[in-house]
Amino acid sequence: MIVGVPVTSEELHEFETHRTRLFGIAYRMLGSAGEAEDAVQDAFLRWNDAERGAVREPAAWLTTVLTNLCLNRLTSARARRESYVGPWLPEPVITEDSALGPLDTVEQRESVSMAFLVLLERLTPPERAVFVLREAFQYGHREIAGVLGVTEANCQQLYHRARERVARDRPRFEAAPEEGRRIAQRFLEAAQGQDVAGLASMLAADVVSWSDGGGKANAARRPVLGSDRVARLLVGWMRKGGPGTRTVVAEINGQPAILGSIAEQLVMAVVLHVVDGRVEALHTVVNPDKLAFLSAQLA
């Protein structure tokens with residue numbers, strides 16, 4: 001529910017029918033749930049002020065407004081991320097309740113995965129907009145061209161460049177949700193039991209662990225490589241936990257994950273990238289600012 005803005009019930013209902021899709025687009029473009037919410041709110045304000053006769057297709061109109069709001073935000077966000085302390089990771093989002101739209105296919109799950117969103121950071125803002133609308137939401141080039149105010153040929157060029165930029169390092173994404181949750185539960189039990197060998201056996205030999213503390217929480221500022229080193233890192237995290245520590249398995253960004261809380265406060269989200277039954281990468285967010293949206297979801 002949006003407060004502080006005078007709207008009719010019909011206008012609010014019309015906007016709410018598009019809210020999840022708009023948030024899903026904004027999150028994939030920005031990698032930040034908080035900024036995505038702000039962009040959706042700004043889109044609503046413009047919707048509320050719009051001349052109704054000029055809006056022939058609300059879905060297309062809202063998509064155009066939101067996408068351009070995100071393009072403006074991406075320009076400043078890229079500058080901030082250049083000075084970010086340590087690795088930058090997207091804000092984690094619980095996806096079991098379809099907060100980012102349907103994730104029924106491998107492609108849909110890939111579009112919100114941590115590894116894939118990090119890859120999208122190498123795109124220019126227009127390339128990212130075209131790529132997200134095309135790959136995650138199946139918009140046609142003509143529709144996207146209308147959203148961005150470019151020619152259809154230019155849109156196709158942007159999409160081609162974007163695909164080339166992400167193709168080389170595009171992660172494999174195969175684990176079904178049920179399999180991923182089982183692996184995450186076994187993974188958690190091995191970590192709780194401080195079973196280094198057991199953990200290492202569940203990790204790919206060339207596993208990589210990325211941690212995002214943003215200079216506000218203790219985290220490795222470089223990736224940790226190799227199954228033995230990553231297993232020991234995980235056991236070290238578990239040893240630091242004291243009374244009031246709680247860990248649970250959840251689905252974050254379409255992937256299995258482990259959430260850690262101390263005295264009912266969320267302090268860590270570890271997202272597992274599982275391929276062929278082994279964990280190929282871990283993306284751990286401990287920056288408290290980036291856990292705010294996830295904490296609100298849990299509450």
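FYI, the numbering just counts along the sequence from 1.
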Worksheet item: Side-chain contact, heavy-atom cut-off 4.5 Å: Leu22 with Phe44?
Response: no
Discussion item. Between Thr63 and Phe137, is there a side-chain heavy-atom distance shorter than 4.5 Å?
Written reply: no
Worksheet item: Would you say Leu117 and Leu120 make side-chain contact, with heavy atoms under 4.5 Å?
Response: yes
Item to complete: Might you work through the salt bridge (charged side-chain N to carboxylate O under 4.0 Å, His left out) test for Arg109 and Asp104, ending with a clear yes or no?
Response: CA-CA 7 Å; Arg109 288 182 172 273; Asp104 301 325; over 6 Å; no
Discussion item. Check whether Asn253 reaches the backbone of Val93 with its side chain - one donor and one acceptor, N or O, closer than 3.5 Å.
Written reply: yes
Worksheet entry | Full working for side-chain contact (heavy atoms from CB on, under 4.5 Å) between Leu259 and Thr247 | CA-CA 5 Å; Leu259 305 181; Thr247 50; over 6 Å; no
Item to complete: Please list, chain by chain and in numerical order, all residues satisfying side-chain hydrogen bond (donor to acceptor under 3.5 Å, both in side chains) with Glu35, sequence neighbours excluded.
Response: Arg80
Worksheet item: Looking only at side chains, do Glu127 and Tyr159 share a donor and an acceptor under 3.5 Å apart?
Response: no
Discussion item. Take a 6.0 Å sphere around CZ of Arg165 and say whether it holds more than 12 heavy atoms from other residues, nucleotides or ligands.
Written reply: yes
Practice prompt. Answer with yes or no whether the side chains of Glu251 and Thr95 bring together a donor and an acceptor at under 3.5 Å.
Written response: yes
Worksheet entry | Any pair counted as side chain to side chain donor-acceptor pair (under 3.5 Å), so long as it reaches residues 194-207, sequence neighbours left out | Gln194-Arg239
Worksheet item: Taking the side chain from Asn68 and the backbone from Thr64, do they hold a donor-acceptor pair closer than 3.5 Å?
Response: yes
Discussion item. Quick check on the hydrophobic clustering: are Ile252 and Trp237 connected, directly or via other members, by side-chain heavy-atom contacts under 4.5 Å?
Written reply: no
Worksheet, complete the sentence: Nearest heavy-atom approach of Ala39 to Ala26 is CB-CB, 4.5 Å
Discussion item. Counting only heavy atoms not in Asn218 (residues, nucleotides, ligands), do more than 12 fall under 6.0 Å from its CG?
Written reply: no
Discussion item. Using a strict threshold of under 4.0 Å (side-chain N to carboxylate O), is an ion pair present between Arg19 and Glu16?
Written reply: yes
Worksheet item: Crowded around Glu152 CD? As in, over 12 foreign heavy atoms under 6.0 Å?
Response: yes
Fill in: Presence of salt bridge, Arg73 and Glu37, under 4.0 angstrom
no
Worksheet item: So, Lys290 and Glu91, do they make that salt bridge, N to O below 4.0 Å?
Response: no
Fill in: Lys/Arg-Asp/Glu bridge criterion (N-O < 4.0 Å) met for Arg246, Glu264
no
Discussion item. Are the side chains of Asp169 and Arg122 in contact, using a 4.5 Å heavy-atom criterion?
Written reply: yes
Worksheet item: Where does the angle between the aromatic ring planes of Phe116 and Phe131 fall among parallel (under 30°), tilted (30 to 60°) and perpendicular (over 60°)?
Response: tilted
Worksheet item: Is the Phe293 to Phe23 ring centre distance short of 6.0 Å?
Response: yes
Using a 3.5 Å cut-off and no angle test, enumerate the donor-acceptor pairs between side-chain atoms of residues 222-233 and protein atoms at least two apart in sequence or in another chain.
from   : atom 1 : to     : atom 2 : distance (Å)
Asp228 : OD2    : Arg232 : NE     : 3.1

Discussion item. So for atom CZ, which belongs to Arg81, do other residues, nucleotides or ligands contribute more than 12 heavy atoms lying within a distance under 6.0 Å?
Written reply: yes
Worksheet entry | Donor on one side chain, acceptor on other, Gln156 and His160, under 3.5 Å | no
Fill in: More than 12 heavy atoms of other groups within 6.0 Å of Trp210 CH2
no
